[in-house]
Amino acid sequence: MYDPSAIEAKWQAAWDEAGLFRARRDERPKYYVLEMFPYPSGRIHIGHVRNYAMGDVIARYKRATGHSVLHPMGFDAFGMPAENAAMASGGHPKEWTYANIDTMVAQMKPLGFSIDWDRMFATCDPEYYGQQQALFLDMLEAGFVDRKKATVNWDPVDMTVLANEQVIDGRGWRSGAEVERRELTQWFFKISDMAEELLEALDGLDDWPSKVKTMQSNWIGKSRGLRMGWTLTEPTHGHEAIEVYTTRPDTLRGASFIAIAPEHPLAKALAEENADLAAFAGNVRKGGTTEEALETAPKMGFDTGRTVESPLGGTLPVWVANFVLMDYGTGAVFGCPAHDQRDLDFARKYDLPVIPTFKPEAMEDFAIGNEAYVPPKTETVDWIDQPAGIERGTGQQAIDATIEWAEAQGIGKGETRFRLRDWGLSRQRYWGCPIPVLHCEACGIVPEAKENLPVTLPDDVSFDVPGNPLDRHPTWRRAACPRCGGEALRETDTMDTFVDSSWYFARFTAPRAATPTDRAEADYWMNVDQYIGGIEHAILHLLYSRFFARAMHATGHLSEKAKEPFDALFTQGMVTHEIYLTRDEAGRPVYHLPEDVVAKPDGMRALKDGTEVEVFPSAKMSKSKKNVVDPAGIVARFGADAARWFVLSDSPPERDVEWTAAGVEATARHLARVHRMAEEVVGAEDARDAALEREVARAVDEVTKGVDSFGFNAAIAKLYALAATIQKSKAAPGARRVALRTMAQLMAPFTPHLAEEVWQATGGTGLCAAAPWPVADAALLVSDTVTLPIQVNGKRRSEITVAKDMPKEEVEAEALADPAVVRALDGGAPRKVIVVPGRIVNVVA
RNA sequence: GCCCGUGUGGCGGAAUCGGUAGACGCAGCGGAUUCAAAAUCCGCCGCCGCAAGGCUUGCCGGUUCGAGUCCGGCCACGGGUACCA
């Protein structure tokens with residue numbers, strides 16, 4: 001009888017006792033596998049199970065192939081939800097967070113992951129964030145840190161800064177007030193200084209998904225363009241010209257206006273004497289700071305009445321426009337409506353000229369309607385009075401030629417720019433790592449002395465009023481200036497939680513060290529050989545970690561090779577589930593948990609009262625839609641092995657997987673079958689069977705390849721097939737016993753507890769988790785015949801089985817003699833016969 | 001808006017290099033066992049068609065002896081968009 005609850009606890013205790021999962025530096029090659037650590041939201045969900053099951057497959061497999069494995073776990077424990085919980089129910093973020101961590105660890109341990117729990121930490125442990133402060137001070141000293149203005153979401157009613165997700169349709173989530181953009185002085189990491197290096201090093205990341213590299217490359221956004229000054233017809237407020245940067249200098253002749261950001265110094269100066277412009281600027285400041293909000297906002301402009309001289313003759317009007325951002329380039333652009341949709345919309349709205357500078361190759365009648373003409377820069381077009389003299393050529397040729405021309409004319413200068421902006425790390429929040437600096441009246445901004453670290457968060461805070469509790473704390477801010485000893489005030493900004501997650505992988509190599517890293521440990525364990533996490537982290541987290549690893553190398557905390565900290569990256573998909581809902585009297589949706597719904601012949605019904613339930617297609621599990629599955633319940637009913645096997649079985653790891661009750665039940669049935677098969681051969685003497693040995697060898701080969709290449713679903717499919725083969729085999733019990741023993745090893749990364757049970761029942765020595773991975777006998781994998789499909793005109797008509805090394809001519813003759821082929825040819829002679837050895841035959845009639 | 005993905009039977013999905021589309025699993029159907037049921041075991045199972053055969057990988061077009069796979073255009077859905085993590 002297969003009883004997961006009994007065997008799983010037993011084997012977990014056995015592994016613990018053997019200390020199998022404690023990472024040790026020894027003579028074996030090391031392997032560091034890491035899953036992105038979780039946020040302690042309350043309980044683990046089935047998506048976590050899938051993520052850690054994948055890492056555990058790798059960890060157990062690598063251990064079996066003779067590696068010394070580091071497989072740690074921790075918690076990304078600072079962040080907004082803890083403060084939100086404190087606001088909602090009056091607790092303290094610290095208590096909430098640590099209680100959640102306890103719950104989640106208690107949920108994870110029964111799943112049997114081969115984690116070195118001794119290394120666990122949370123980023124909100126003073127031991128961790130104190131080292132983060134030390135790291136920050138080293139980075140400050142090394143010139144990686146800056147202080148400058150940044151734009152934030154300001155809630156004018158709550159008088160507080162809002163996160164982007166707290167801005168809903170341009171309004172504050174609590175106050176409902178219209179949010180406005182406001183500039184604050186903030187701390188920054190100078191990641192943009194590293195843009196070129198972060199871009200170029202992507203090339204070396206051979207084991208990263210190319211989509212992630214493409215996304216990062218686009219995010220960094222290297223571009224070559226032209227920077228030029230447009231002379232104001234009349235100098236004003238100390239401005240003689242407007243500096244503009246453009247990546248499309250080839251469209252210079254089509255420029256019909258200059259647009260500057262509302263925060264541009266010239267716009268600000270003009271607004272001081274023009275109430276209408278000031279009102280306009282105030283108006284366009286409304287709304288959130290996200291790129292999406294800015295890009296999709298209706299385009300608005302204000303004509304300043306000023307003009308600039310065009311280097312090509314004539315003058316252009318100067319507008320203030322909401323779609324020009326001070327953070328990008330110079331805060332000013334020229335508008336070329338003919339070849340930019342945004343500029344065209346703007347020009348149509350405000351009746352500005354639309355001047356084409358090129359048209360499709362060899363086209364006579366060409367006019368711009370309400371759609372800008374924007375062909376790829378690689379397409380050849382005909383140019384109209386192009387200043388650099390191009391007549392027919394690609395956009396890229398014209399861009400290069402125009403930059404050269406502009407430099408020769410002294411109009412402007414070619415310039416390489418990056419889209420990547422510096423990383424603003426200041427947060428006006430309590431539950432984060434305090435930035436360890438002081439503001440001293442005498443000395444200015446002074447770094448805290450390292451011996452005073454950690455700068456810990458005060459516990460006596462309240463969340464009944466909006467804003468940062470550190471700001472209003474009666475005593476916490478006051479401290480002695482480390483330089484002059486006088487009175488100083490602590491910085492009350494805390495760090496972005498992305499800082500916490502940008503070096504935790506390094507800390508795992510020596511989680512209790514008195515410095516951020518212990519170089520001997522870090523040099524041994526780094527890099528992370530396999531990193532596994534969600535695609536949602538493709539850009540920010542991974543880019544910030546790459547930056548941090550470089551900064552940590554520069555400050556002596558990591559070696560040269562760790563500058564790219566993640567050798568291989570795998571991005572896994574989500575676990576989804578159907579959504580069940582009924583309606584209340586007012587027609588509002590009422591969501592139901594999967595366990596509260598039952599399938600009846602005529603559809604889904606609510607368990608409580610039998611009401612008919614509407615079923616919506618699977619979507620990412622979310623608490624609000626109640627389409628969540630709690631792993632604790634699954635483990636209790638079906639066992640950890642069933643949960644682990646199922647989340648990996650049905651879908652390729654990089655894709656989403658749909659959780660279904662039927663699926664996990666089928667898994668449980670299969671695992672029970674395997675258990676039964678092992679019981680049947682207990683006590684048999686080992687025996688041999690050629691057919692079984694061949695099948696086992698094939699399974700070893702395919703499962704190994706599957707595990708090596710993240711084809712977990714394919715490996716599991718093969719394990720299903722192997723179980724069926726063994727079950728149906730007429731071979732002696734002893735031969736099945738041998739086959740099952742190897743199958744236990746192949747199953748061990750997926751269902752480690754059941755594997756131990758089968759291993760023991762079939763006479764395996766010691767723990768299966770400690771046994772070396774099986775190797776397939778190459779001689780058993782080859783076959784001397786091959787079956788070839790035969791196509792006629794690309795359609796499959798027949799197949800033939802021939803010797804593997806049969807010459808092409810003989811294969812062709814045999815194929816043409818095939819009755820089905822003769823019939824398909826209908827007496828006609830083949831025009832051509834294509835024989836792809838070992839693959840296919842195609843007869844062209 | 002912009003960047004990156006994904007789209008294959010009733011369902012989840014397979015097809016590692018351009019070479020038999022639908023492995024494996026679910027659901028369904030038929031049978032064995034059983035007094036009966038559960039459990040278990042065996043078999044069938046893309047669509048249309050009595051059959052021969054035809055059709056079929058989101059839609060439209062292209063390259064090729066041959067396209068789920070490569071190219072172009074569209075549609076839908078998902079991720080990211082710098083203060084959610």
Side-chain angles (χ1 to χ4, degrees), chain A residues 36 38-39 41 76 78-81 84 150 152-153 161-167 191 209-212 214-219 221 288-297 323 327 341-342 419-429 496-498 501 534-541 543-544 571 573-574 576 617-620 646 649-652 654-660 662-663 665-667 669-670 672-673 676 705-706 709 711 713-714 716-721 724 727-728 787-791 793-796 798-799 831-834 836 838-845:
Chain A
M36 291 180 187
Y39 179 79
S41 55
D76 189 12
F78 274 135
M80 285 203 313
N84 293 343
V152 297
N153 303 305
V161 177
L162 297 180
N164 286 332
E165 74 161 8
Q166 296 173 322
V167 179
I191 190 172
S210 54
K211 63 181 169 189
V212 173
T214 306
M215 282 189 262
Q216 290 215 355
S217 166
N218 291 338
W219 184 262
T289 56
T290 65
E291 194 192 30
E292 185 191 4
L294 297 169
E295 287 280 331
T296 54
F323 60 81
D327 292 351
Q341 192 59 46
R342 191 172 58 187
R419 205 185 79 99
L420 180 66
R421 306 200 303 261
D422 279 336
W423 170 11
L425 70 112
S426 293
R427 296 293 180 269
Q428 293 70 46
R429 272 184 257 291
D496 176 11
T497 55
F498 273 123
S501 56
I535 186 68
E536 66 271 24
H537 296 294
I539 297 176
L540 295 179
H541 162 60
L543 192 62
Y544 291 157
T571 55
M574 301 177 296
T576 64
S618 270
K620 179 177 178 167
F646 178 66
S649 68
D650 251 21
S651 211
E654 67 272 24
R655 294 258 292 263
D656 295 350
V657 66
E658 184 181 29
W659 181 274
T660 61
E665 282 161 17
T667 295
R669 278 202 301 273
H670 176 74
R673 182 182 307 137
R676 221 167 28 241
K705 280 181 183 152
S709 63
N713 56 322
I716 287 177
K718 189 65 194 173
L719 286 168
Y720 266 113
Q727 184 170 30
K728 286 173 192 171
T787 300
L788 300 177
I790 306 169
Q791 297 182 332
N793 291 332
K795 286 201 170 118
R796 186 179 174 282
S798 187
E799 63 179 35
R831 282 200 291 142
K832 193 174 170 188
V833 180
I834 291 142
V836 184
R839 282 285 192 188
I840 201 168
V841 180
N842 191 10
V843 180
V844 186

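From a predicted model like this one, the values you see are computed outputs, not experimental measurements. In what follows, every chain begins at residue 1, and chains take the letters A, B, ... in the order their sequences are listed.
B:A21 and B:A67: their C1' atoms are spaced 11 Å apart (whole Å). Taking atom P on both B:A27 and B:G78, the two are 28 Å apart, rounded to the nearest angstrom. When the C1' atom is compared between B:C3 and B:A23, the two are found 35 Å apart, to the nearest whole Å. Of the P atoms belonging to B:U40 and B:G46, the separation is 24 Å, rounded to the nearest Å. Comparing the C1' positions of B:C26 and B:U6 gives an interatomic distance of 22 Å, to the nearest angstrom. Distance check on atom P: B:C24 versus B:A32 gives 25 Å, rounded to whole Å. The separation of B:A51 from B:C11, taken at their P atoms, amounts to 24 Å, rounded to a whole angstrom. Using C1' as the reference atom, B:U56 and B:C47 are 7 Å apart when rounded to the nearest Å.
No contact: A:Ser709 has no heavy atom under 4.0 Å from any strand. Contact annotation for A:Val212: no contact, since no heavy-atom pair falls under 4.0 Å across all strands. Counting non-hydrogen atoms under 4.0 angstrom, A:Gly79 reaches the backbone sugars and phosphates but no base. Residue contacts shown for A:Ala538 are absent, as no nucleic acid heavy atom lies under 4.0 Å away. If you check every strand for non-hydrogen atoms under 4.0 Å, A:Val841 touches nothing. Across all strands, A:His541 comes closer than 4.0 Å to no nucleic acid atom at all (heavy-atom distances). Among the protein residues, A:Thr290 comes within range of the sugar-phosphate backbone only, with heavy atoms under 4.0 Å from sugar or phosphate atoms but none that close to a base. Using a 4.0 Å heavy-atom cutoff across all strands shown, A:Leu420 reaches at least one base atom of the nucleic acid. Residue A:Asp650 is classed as a base contact, given a heavy-atom separation below 4.0 Å to a base. No engagement by A:Pro38 is indicated, since no non-hydrogen atom pair under 4.0 Å with the nucleic acid exists. In this structure, A:Trp423 reaches neither bases nor backbone, as no heavy-atom distance under 4.0 Å exists between it and the strands shown.
Taking the side chain of A:Glu799 as heavy atoms from C-beta on, and the options B:A85, B:U20, B:C24, the nearest nucleotide is B:U20. In the set B:A23, B:A85, B:C84, B:C84 carries the atom at the smallest distance from any side-chain atom of A:Glu165. Side-chain atoms of A:Ala666 lie closest to B:G25 of the nucleotides B:U20, B:G25, B:A82. In the set B:C4, B:C26, B:G13, B:C4 carries the atom at the smallest distance from any side-chain atom of A:Lys211. When each of B:C24, B:G79, B:G19 is scored by its nearest atom to the side-chain atoms of A:Ile840, the top-ranked nucleotide is B:G19. Closest approach to the A:Tyr39 side chain among B:G79, B:G19, B:A85 is made by B:A85 (side chain taken as heavy atoms from C-beta onward). Of all nucleotides listed (B:G80, B:U20, B:C4), B:G80 comes nearest to the side chain of A:Ile539. The side chain of A:Asn164 lies closest to B:C84, out of B:A85, B:C84, B:G1. Taking only side-chain atoms of A:Asn713, from C-beta outward, the nucleotide of B:G79, B:U81, B:G13 with the closest atom is B:G13. Here B:A82 is the nucleotide among B:G79, B:A23, B:A82 with the atom lying nearest to any side-chain atom of A:Arg421.
Judged as a ring pair (Phe, Tyr, Trp, His ring centres under 6.0 Å), and not counting sequence neighbours, A:Tyr39 has no contacts. Remark: A:Arg673 engages A:His670 in a side-chain hydrogen bond (donor to acceptor under 3.5 Å, both in side chains) (not counting sequence neighbours). Take A:Glu291 and apply the salt bridge (charged side-chain N to carboxylate O under 4.0 Å, His left out) test, not counting sequence neighbours, and it matches A:Arg419. Applying the salt bridge (charged side-chain N to carboxylate O under 4.0 Å, His left out) rule to A:Glu165 yields no partners; only residues at least two apart in sequence or on another chain are considered. Here A:Asp496 pairs with A:Arg427 under the salt bridge (charged side-chain N to carboxylate O under 4.0 Å, His left out) rule; sequence neighbours left out. With sequence neighbours left out, A:Asn153 forms a side-chain hydrogen bond (donor to acceptor under 3.5 Å, both in side chains) with A:Asn164, A:Thr289. The side-chain hydrogen bond (donor to acceptor under 3.5 Å, both in side chains) search around A:Arg421 returns A:Tyr328, not counting sequence neighbours.
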> Where along nucleotides 52-58 of chain B does protein come under 4.0 Å, by heavy atom, of base (B) or sugar-phosphate alone (S), with - for untouched nucleotides?
Replying inline: -SSS---
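We find that NE2 of A:His537 is positioned 16 Å from C1' of B:C4, with the value rounded to whole Å. In this structure, A:Glu292 atom CD and B:C84 atom C1' are separated by 14 Å, rounded to whole Å. Counting to the nearest Å, the C1' atom of B:G80 and the CH2 atom of A:Trp219 are 7 Å from each other.
Between A:Thr296 and A:Leu788, it is A:Thr296 whose nearest contact on RNA chain B lies nearer the 5' terminus.
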Output a table of nitrogen or oxygen pairs between the protein and nucleotides 63-66 of chain B separated by less than 3.5 Å.
| unit_1 | atom_1 | unit_2 | atom_2 | d |
| --- | --- | --- | --- | --- |
| B:C65 | O2' | A:Asn842 | ND2 | 3.3 |
| B:C65 | O2 | A:Asn842 | ND2 | 2.6 |

What are the atom names and distances for every N/O pair under 3.5 Å that joins the protein to nucleotides 38-40 of chain B?
| unit_1 | atom_1 | unit_2 | atom_2 | d |
| --- | --- | --- | --- | --- |
| B:U40 | O3' | A:Arg676 | NH2 | 3.4 |

Measure all distances between protein nitrogen or oxygen atoms and nitrogen or oxygen atoms of nucleotides 7-11 of chain B, and list the pairs falling under 3.5 Å.
| unit_1 | atom_1 | unit_2 | atom_2 | d |
| --- | --- | --- | --- | --- |
| B:G7 | OP1 | A:Arg655 | NH1 | 3.4 |

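A:Arg839 is not listed as a side-chain neighbour of A:Ile834, based on a closest heavy-atom distance of 4.5 Å or more. Residues A:Val167 and A:Thr290 have side chains not in contact (no heavy-atom distance under 4.5 Å, counting atoms from C-beta outward).
With the 3.5 Å cutoff on both pairing distances, Watson-Crick and G-U pairs in RNA chain B assemble into runs of at least 3 at B:1-7 with B:75-81, B:10-12 with B:24-26, B:28-32 with B:40-44, B:46-48 with B:53-55, B:58-62 with B:70-74.
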